[in-house]
Amino acid sequence: MRWFFFLCVVAVVWVLRLLLGTAGVDADASALLALGLLMVGGELSGDVGERLRVPRVTAYLVLGMLLGPSLAGLITSGDLGALRLFEEMALGIIALTAGGEFTVRALARRWRLILAVTFSHAAGILIMAGGTLWLLLGAVPVLGELSPGARLAASALFGVIAVAKSPATTIAIITETRARGDLVDVVLGVTILKDLMILLLFTWVDGLARGWVGGTGVDAAGALHLAAAVLASLGVGLLLGVVLGLYLTHVGLHREITVLAVVLVSMELAHGAGLEHLLICMAAGFAARNFFSRASESFVHALERSSPPIYVIFFALVGAGLDLGVFASGWAVVAVLVAVRLVLIWGFTGGVVAVLKGPAATRRYAWMGFVAQAGFSLGLAARIAREFPSFGGRLATLIVGAVVVNQLLGPILWRHALVASGEAEEVSK
Amino acid sequence: MLKGPLALVVLVALALAGAEIRRRLRARGVGAPALESFLFVGIGIGLGSLGLGMFPDTVVLTLRPVVLLGVTWIGLVVGLQLDFRVLGRLQAWHRWVGLGVPAAAGAVVAAGSLLAGHPPHEVVLLAAVAMLASPRVVLLLARTAAPSDRAAMRLLKLVMALSSIPAVVLFGAATGLAGAGGGSLTQALGGGERLLLMVGLAVVLGYATIVLLAGERTLVHILAVLIGVTALSAGAALLLGGEPMLMAMIAGAVVMNRCRFPHRILRAAHGLEMPMLVALLVLLGAWWRAEAFPWTVLLLLVVVRGAALLALGWATASMARRRGVAVHRSDLGAGLLPQGPLTLAILIASVAHGQTAPAIGEAVFAAMLANHLLGWLWTRRVLFKKAGATGGEEP
């Protein structure tokens with residue numbers, strides 16, 4: 001019965017779209033229709049996901065893919081642009097949750113492991129994934145005829161993207177399963193640190209790559225500017241977190257609105273001052289949780305209350321934004337690259353934890369928390385396509401294909417890891 | 001102008017100071033005239049281009065999807081309060097009073113604005129605004145003082161509870177009939193046909209909500225479906241060139257009257273009403289441009305509306321006495337003067353549709369503020385015994 005009524009709603013939207021056409025249609029109205037479809041469908045698909053023992057976020061992603069421009073077309077590319085505001089708001093709340101989940105105590109206990117895993121990924125995966133593409137390009141010219149410099153540049157850029165992961169997916173599954181423990185602390189710590197690192201790494205490699213291709217050379221000023229932006233984002237985020245903590249401690253009214261206000265201010269700062277929205281929110285969440293013991297409980301509660309609809313919006317929009325046609329055209333190369341990345345993540349994570357004598361569950365399962373890739377990787381791919389016209393478009397196509405697979409596989413693996421390690425509270429209950 | 005984090009720090013400092021002042025005033029027994037809604041608009045003005053400059057004055061149009069979602073949500077909440085079973089149990093003359101008093105006040109203001117030469121969409125806005133009365137002042141006063149006339153209080157509450165129906169229906173129907181957006185379908189269909197189509201879709205969405213939420217007890221999941229239905233209502237109504245508030249109100253009314261356990265849905269919807277309203281009110285404040293507004297609007301909404309309500313209050317009291325209800329006060333219309341969040345929501349919906357010039361919007365806002373303060377002073381004087389008296393009525 002529930003599916004019958006949802007299909008009725010889908011049919012109504014389809015008929016409206018068909019009758020009204022695309023010319024002269026109110027873009028905001030179309031976007032709201034798309035948002036409604038995703039929210040209502042997200043709830044249903046989440047329930048189906050639970051029944052199939054698949055994470056809810058994977059179900060939201062699949063729904064987005066089904067309704068998105070690649071398949072049914074009930075959500076248009078224009079809608080995705082118009083709903084970017086909601087997507088950014090959702091990302092901000094997810095980042096606040098990430099910061100709020102991370103406590104100084106956990107960081108102090110596992111700092112050596114977190115640093116070692118992060119740096120092993122940043123160096124090892126970058127070099128070896130990039131090296132794999134470099135070898136592959138020698139055998140199969142998937143990016144066309146390339147000069148040695150361009151081949152090196154493409155490989156290095158792919159290496160950086162292979163290091164990147166989706167913090168939103170990690171947080172969403174932790175929230176969904178209410179997981180707590182060593183595994184969560186380590187994966188969360190690496191996720192946050194990697195997020196800081198990947199921005200710097202990409203700018204550095206991007207500058208080098210432009211020099212190799214024969215362009216403008218290493219953009220030292222740009223790299224410095226980005227490093228300053230990262231530091232400024234962290235500083236501003238901490239300040240916002242202190243303000244939020246003070247408000248929650250002394251006033252405490254309308255907590256959800258206050259959290260949303262912090263996210264909106266972060267968005268405004270990110271657009272206006274060139275700061276990083278994700279980092280600001282992460283730092284704010286960290287400060288509010290760790291510096292204000294009286295406020296931390298209400299802060300976490302406010303985030304938990306607002307998280308399920310936020311996850312539906314974010315992941316369904318990510319799913320709708322994935323270009324499935326890209327995957328269909330180069331699936332064999334994509335499959336090799338995905339497999340190599342999986343092996344590298346498994347090897348480096350397990351190896352480092354074993355060397356540092358970390359907990360057995362972390363050694364066995366932590367790698368599964370680093371598989372998912374989403375909006376951030378797609379954003380970097382779009383930038384590569386823009387900056388390297390000779391090969392960027394085709395490389396971005398490969399990256400998008402790999403992101404599709406990783407984003408479908410990642411949440412399932414990470415949920416399995418949390419359940420198998422016994423840290424998932426909801427599932428064990 | 002202050003930007004970014006500094007502005008937020010100032011805002012939070014103001015909120016902290018405000019909370020402290022309110023706490024001290026309350027400790028000394030000094031009540032406030034339920035001005036929170038206007039306070040949020042004030043914060044919006046402070047954050048807007050006239051103040052700290054965080055939001056430009058085009059912010060309502062830039063964030064139009066958010067504004068429309070908020071306005072539609074309020075329509076849904078109004079619909080979720082329309083329990084026809086309760087309406088059916090009322091005596092016939094109660095129904096007439098409840099719906100007729102606001103409708104008559106709206107008609108008087110509409111006639112006045114037509115005579116003053118306002119265009120049709122402004123006439124509709126002014127009439128809808130004139131119909132609405134906020135119960136916040138009366139409920140707040142009833143917490144600390146006993147009503148001097150309990151029968152008059154009951155009649156007042158009745159009119160306040162029902163005033164949203166004619167106001168939203170008038171505003172929604174007029175927007176729907178005049179709607180020009182939507183594309184080929186809206187051009188092919190007449191206003192009446194589009195209204196009919198909208199009502200049909202709203203009924204389908206209402207039933208879909210009931211089925212989708214059957215057995216659902218988790219608040220966040222109920223909220224997620226309600227947000228989805230609200231967004232669908234807003235999108236479909238706009239595509240058909242109609243008013244999202246009306247469509248959501250109809251869907252909400254279907255849920256309230258056809259669902260077996262609608263109250264948990266109503267509670268969930270109420271939970272998000274305040275955040276939505278706050279966001280809308282702050283945005284409305286940011287839209288403020290301090291333009292010279294037409295005094296005729298202020299005159300119509302304060303003087304003409306006030307006079308009409310007092311006359312209607314007197315007529316209602318006379319009618320009640322003829323039916324053997326012991327109403328002692330004839331100036332119970334004073335209790336209908338205060339205006340609140342729903343009035344502001346209709347104003348911001350009109351702004352989001354691009355139908356209201358800033359000068360008109362600001363005049364309407366000024367009139368609402370004047371009505372609210374006048375209503376608070378007058379109601380406290382004529383309808384309540386001395387503050388602190390025992391026997392205060394529970395809101």
Side-chain angles (χ1 to χ4, degrees), chain A residues 1-2 4-6 8-9 12-13 16-17 19-26 28-44 46 82-83 85-86 236 239-240 243-244 246-247 250-251 253-254 256-258 260-262 265 268-269 272-273 304-309 312, chain B residues 3-5 7-9 11-13 15-16 18-20 54-55 63-66 68-69 72 181-186 188 201 204-205 207-212 214 216 218-221 223-241 244 272 274-275 278-279:
Chain A
M1 195 65 171
R2 297 177 80 198
F4 170 74
F5 266 94
F6 176 62
C8 284
V9 171
V12 166
V13 174
L16 276 176
R17 287 224 188 275
L19 290 174
L20 294 169
T22 48
V25 168
D26 185 339
D28 293 334
S30 176
L32 283 168
L33 216 52
L35 178 71
L37 212 52
L38 289 178
M39 291 297 289
V40 173
E43 278 304 303
L44 284 180
L83 291 174
L85 174 74
F86 290 96
V236 167
L239 181 70
L240 276 180
V243 173
L244 177 64
L246 277 174
Y247 180 86
H250 296 287
V251 183
L253 295 170
H254 309 306
E256 286 81 8
I257 304 173
T258 315
L260 198 64
V262 168
V265 169
E268 185 64 27
L269 285 170
E304 276 178 359
R305 264 175 66 105
S306 51
S307 62
V312 174
Chain B
K3 287 271 181 190
L8 188 79
V9 171
L11 185 65
V12 172
L16 286 169
E20 186 57 27
M54 280 183 75
F55 299 133
L63 296 177
R64 192 165 165 257
V66 180
L68 289 169
L69 197 64
T72 316
S184 54
L185 187 69
T186 49
L201 281 179
V204 170
L205 282 176
Y207 274 106
T209 311
I210 295 170
V211 173
L212 290 169
E216 184 63 70
T218 324
L219 178 74
V220 281
H221 293 306
L223 275 179
V225 170
L226 288 182
I227 293 172
V229 169
T230 307
L232 281 168
S233 301
L238 287 170
L239 283 179
L240 291 170
L272 210 61
M274 193 60 193
V278 170

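Each chain gets a letter, A, B and so on, in the order the sequences are listed, and its residues count up from 1.
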Test side chain to side chain contact (heavy atoms under 4.5 Å, CB included) applied to A:A29 - qualifying residues, sequence neighbours left out:
A:D26, B:L238, B:L239

Does any part of the side chain of B:L69, heavy atoms only, come nearer than 4.5 Å to the side chain of A:L35, both counted from C-beta?
yes

Side chain from CB out, backbone as N, CA, C, O: work out which of these in A:L83 comes under 4.5 Å of a heavy atom of chain B, or both, or neither.
neither

Mind checking what makes side chain to side chain contact (heavy atoms under 4.5 Å, CB included) contact with B:A236, not counting sequence neighbours?
A:L16, A:L33, B:L201, B:M247

Give the minimum heavy-atom separation between B:G228 and A:M39, together with the two atoms involved.
CA-CB, 3.4 Å

Would you say that A:F86 contacts B:P65 through its side chain, given a criterion of any heavy-atom pair below 4.5 Å between the two side chains?
yes

Among B:T209, B:I227, B:L212, side chain to side chain contact (heavy atoms under 4.5 Å, CB included) partner for A:V40
B:L212

Side chain / backbone / both / neither for A:V12 at chain B, heavy atoms under 4.5 Å
side chain

